[in-house]
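FYI, the numbering just counts along the sequence from 1.
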Amino acid sequence: MKEKILSNRKNGMLVLILTTLLYLAAVSGCVFGGMMVSDGDSPALLAVSIIWLCVGWIPYCGLKVLKPQEALVLTLFGKYVGTLKGDGFYFVNPFCTGVNPAADTHLNQSGDVDNKASKSALSLGFNVGKTEVDISGKKISLKIMTLNNNRQKINDCLGNPVEIGIAVMWRVVDTAKAVFHVDNYKEYLSLQCDTALRNIVRIYPYDVAPNVDTTGDGIADEGSLRGSSEVVAARIRDEIQNRVEEAGLQIVEARITYLAYAPEIAAVMLQRQQASAVIDARKMIVDGAVGMVEMALDRLNQNGVVELDEERKAAMVSNLLVVLCGNRDAQPIVNSGSLY
């Protein structure tokens with residue numbers, strides 16, 4: 001279904017003034033018509049005035065007020081008439097009704113504000129104006145809104161369960177598709193976000209892993225959920241956009257808001273990361289110690305400070321490696337005797 005914009009209906013103020021003047025004229029007609037009937041004249045003026053007072057309120061039902069970045073989808077006896085877009089004071093067919101199937105849907109996102117204040121006011125005895133609330137609920141917001149979906153537990157490409165949450169910035173660009181192509185575009189968006197998130201997360205490991213292809217080109221790469229968050233978010237955004245195109249929605253941006261191992265394996269994975277960090281640190285210490293021993297032996301040979309045979313060199317290398325690679329400070333032992 002193609003969206004039809006009703007752009008030539010901004011004559012609400014004119015209709016309001018004209019209808020109000022006709023009501024005032026009908027009241028005056030009733031007064032003068034009653035006087036004329038009492039004088040024996042024709043009751044035509046009185047009859048017309050009474051009829052207008054009975055049905056003259058109908059044009060008021062066709063007055064619509066829209067704020068900036070709001071839209072109203074109108075149907076007439078089940079047929080799509082068009083969409084009002086843009087701020088202004090409109091007049092449409094009084095029998096047209098606004099359609100918004102997602103008006104009562106409250107998700108964890110901006111724009112979905114529960115009317116708790118209205119309910120509290122009603123419980124205290126205040127009149128809140130139910131008609132105004134109902135009309136405003138039929139309007140569709142065209143602003144950029146943020147959907148913060150619930151965290152999901154998903155297995156990555158290595159089978160490790162991870163918990164991940166995303167925030168999706170979206171807006172309605174085609175009101176006709178959003179209203180008529182899907183049953184509820186907010187629930188549809190939320191479901192497609194969950195599905196797209198699962199499809200993309202299953203491609204990546206949580207951390208960099210060997211022999212894993214995340215791009216689909218058959219070559220192992222270093223993509224991961226933790227290290228390639230921008231790439232993963234872009235792929236999630238494209239995946240969601242492809243799924244909600246028929247619903248008239250535009251996905252502006254998608255961001256990962258939470259990422260962690262599932263609680264049942266978080267402690268084990270933390271120990272694994274600690275072990276990996278210890279191994280890397282030890283490797284760096286050993287590499288540095290070997291380089292320092294080589295430098296010490298080369299300097300001793302160049303300067304001719306002392307001549308060492310192979311056995312003494314081996315003992316010196318062993319002592320230096322113990323000192324340099326130890327976790328504690330070395331306790332020096334002074335040899336007061338001869339070298340041999």
Query raised in the report: Residues in salt bridge (charged side-chain N to carboxylate O under 4.0 Å, His left out) with R243, at least two apart?
Result: E239
Query raised in the report: Can you tell me if Y204 and R235 form a side-chain donor-acceptor pair at under 3.5 Å?
Result: yes
Query raised in the report: Quick one: side chain to side chain contact (heavy atoms under 4.5 Å, CB included) partners of C30, sequence neighbours excluded?
Result: L46, S49, I50, L53
Report task. Name all residues meeting the side-chain hydrogen bond (donor to acceptor under 3.5 Å, both in side chains) criterion together with Q250; count only those two or more places apart in sequence or in a different chain, and write none if there are none. Result -> R171
Query - Partners passing salt bridge (charged side-chain N to carboxylate O under 4.0 Å, His left out) against E294 (at least two apart in sequence or in another chain) - result: none
Requested in this report: Scan side-chain atoms only and decide if D213 and T215 contain a donor-acceptor pair under the 3.5 Å cut-off.
Outcome: yes
**Report entry** Under the salt bridge (charged side-chain N to carboxylate O under 4.0 Å, His left out) test, residues paired with K153 that sit two or more places apart
**Finding:** E264
**Report entry** Which residues share a side-chain hydrogen bond (donor to acceptor under 3.5 Å, both in side chains) with R202, sequence neighbours left out
**Finding:** none
Report task. Identify the two heavy atoms, one from D207 and one from S224, that lie closest to each other, and give their separation to 0.1 Å. Result -> C-CB, 3.5 Å
**Report entry** Under the side-chain hydrogen bond (donor to acceptor under 3.5 Å, both in side chains) test, residues paired with D194 that sit two or more places apart
**Finding:** N149, Q152
Query raised in the report: If you take all heavy atoms of N199 and I203, which pair is closest and at what distance?
Result: O-CG1, 3.4 Å
Query raised in the report: Who are the side-chain hydrogen bond (donor to acceptor under 3.5 Å, both in side chains) partners of Y206, not counting sequence neighbours?
Result: none
Query raised in the report: Between K64 and E70, is there a salt bridge with N-O shorter than 4.0 Å?
Result: no
**Report entry** Pairs touching residues 277-300 that satisfy ring-ring contact (aromatic ring centres under 6.0 Å, His included), sequence neighbours left out
**Finding:** none
Query raised in the report: Quick one: does K186's side chain get under 4.5 Å of P101's, heavy atoms only?
Result: no
Query raised in the report: What pairs meet the side chain to side chain donor-acceptor pair (under 3.5 Å) rule with one or both residues in residues 18-27, with sequence neighbours excluded?
Result: T20-Y60
Report summary line: Those residues at least two apart in sequence (or on a different chain) that pass salt bridge (charged side-chain N to carboxylate O under 4.0 Å, His left out) with R151 are none
Query raised in the report: Distance-only, no hydrogens or angles: does the N11 side chain make a donor-acceptor pair with backbone N or O of L14 under 3.5 Å?
Result: no
Query - Exceeds 12 heavy-atom contacts within 6.0 angstrom, atom CG of D280 - result: yes
Query raised in the report: Is there any salt bridge (Lys or Arg N to Asp or Glu O under 4.0 Å) pair reaching into residues 74-98, and which pairs are they, with sequence neighbours excluded?
Result: E3-K85
